[in-house]
Amino acid sequence: MIKTDHISIQCPQCGHTEFEQPENVKDDDFVKCNSCHFEIMLADLKEVGIEQAREVVIPEAKAEIEKMLKKAFKGRLK
Ligand SMILES: [Zn+2]
């Protein structure tokens, strides 16, 4: 299974997160989805993973920042 820091990369075709991969897989090797057999170059799969990580992380970060801003404004309104 290929993993980024915390989030598994999902197959762009079916959303499965396990891929067949050769040993010592390199960026220009192809990996194959265990579920739908979609083949993708590891470098491209990593790109997909980065995009997916952004979609997950940004809304959470935004909520945290909004919370912090609300607290900051509360303090000033006293
Ligand atoms: Zn798949």
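Quick note: residue numbers are just sequence positions, from 1. We count ligands from 1, going down the list as the structure has it; atoms in each ligand are counted the same way. Predicted model only: the values in this text are computed from it and were never measured.
- Listing protein N, O or S atoms at distances below 2.8 Å from the Zn ion (ligand 1), with waters left out, gives C11 SG, C14 SG, C33 SG, C36 SG.
- Across all non-hydrogen atoms, the minimal contact from F19 to Q10 is CZ-C, 4.1 Å.
- Closest heavy-atom contact between P59 and R54: CD-O, 4.1 Å.
- Remark: N24 pairs with no residue by the side chain to side chain donor-acceptor pair (under 3.5 Å) rule, at least two apart or across chains.
- Closest heavy-atom contact between G49 and I9: CA-CG1, 3.7 Å.
- The hydrophobic cluster around I58 extends to none of the other residues, as no ILVMFWY side-chain heavy atom falls under 4.5 Å of it.
- Looking at residues two or more places apart in sequence or on another chain, you find a salt bridge (charged side-chain N to carboxylate O under 4.0 Å, His left out) between D27 and K46.
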